[in-house]
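Both ligands and their constituent atoms are indexed starting at 1 by order of listing.
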Amino acid sequence: MVINCKEIAEKIITETKEKITELKNSGIYPKLAVVMVGDGDASKIYVRNKTEACKKAGIETEEYIYNENISQEELIRSIENLNSDPSITGILVQLPLPKHIDETEICKTISPSKDVDVFNPQNFGGFILGDKSLIPCTAYGIIKILEYKKISLSGKNCVVIGRSNIVGKPTALLLTNRDATVTLCHSKTKDLKDFCKNADIIVSATGVPKLITKDMVKSGAVVIDVGINRDENGKICGDVDFKNVEPICSYITPVPGGVGPVTVAMLTNNTADLAYFTLLNDKNIKRKF
Ligand code: GUN
């Protein structure tokens, strides 16, 4: 069965809108600064979708689009200005950045109190330690999809393919925390098929078109496809050979229109939650979640 992820994304955005209304009634007007460098295909689509989702949720956005030749110092200065701008409650720096820019340095620059993506090492560390911090958008979105379909995780064998800081590592952690047995595979994994064949749930985030083929998937498995790639005809496709895998699994997410819209919806949720934390801090109330 193909999971209707657009429906899940809409539900999350509706819930966010309610939080935003509450915040506005308390005098907080969340505003997200969206920083993009260059005009990469995927980044442009993501930024457009994020801006639209924020609008639906009642979050104001401001775009900061820079030429791909911007220096690291200039980009850092721009983020520092956003850090100290009291009208900005959240900052999103769209990745990837051009090769001459050190992404870690940029992530370190984003103020932890405005870091909607959990990119700042202080926030990411808090997340790993289980401190009640925000959760990275895509990993959280994957959990929301599984919860929505009431797919139990306890004792399940999960294979996560891809070890990025944005997707693979946080997803493996969230699944582990929910009592799944997780194997984190990557480009150097030997015999990927053997790991996948034994999995109740496969999460693929590799950027390799049609890496996951029918012979790698156990009958009745759940397949979550995080890839956004182009096939040999230039058409958007995921990491999974959807046409041949779909008939044998119990649930599968499509590409496009799968994990992507849910990630975007989780961004609106995180923007609302960060603004809410600020409200609690202002009132000197301890965080409840
Ligand atoms: N690039 C790919 N995924 C993401 C994401 O979730 N957030 C940001 N900022 N950049 C990305």
E105/K108 salt bridge by N-O under 4.0 Å criterion: yes
Heavy-atom nearest neighbour of atom 6 (O) of ligand 1 within options I228, V264, D117: D117
Say whether, by atom type as modelled, one donor and one acceptor occur between the side chain of D200 and the main chain of V222 under 3.5 angstrom.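 No, D200 side chain to V222 backbone: no donor-acceptor pair under 3.5 Å.
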Short N or O distance, [X] and ligand 1, threshold 3.5 Å exclusive:
X: Q94; result: yes
X: V93; result: yes
X: L95; result: yes

Would you mind listing every side-chain hydrogen bond (donor to acceptor under 3.5 Å, both in side chains) that reaches into residues 234-244, with sequence neighbours excluded? S204-D239, T206-D239, N229-D239, D241-N244
Under the side-chain contact (heavy atoms from CB on, under 4.5 Å) rule, collect the residues that match up with I166, sequence neighbours excluded.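 Testing I166 for side-chain contact (heavy atoms from CB on, under 4.5 Å), a comparison that skips the adjacent residues, returns L95, F119, S164.
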Any side-chain donor-acceptor pair under 3.5 Å between S78 and Y66? yes
May I ask you to identify, for V167, whether its side chain, its backbone, both or neither come under 4.0 Å of ligand 1 on a heavy-atom basis?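 The answer is neither.
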I'd like to check which ligand 1 atoms, numbered from 1 as shown, lie under 4.0 Å from a non-hydrogen atom of K50. 5 (C), 7 (N), 8 (C), 9 (N)
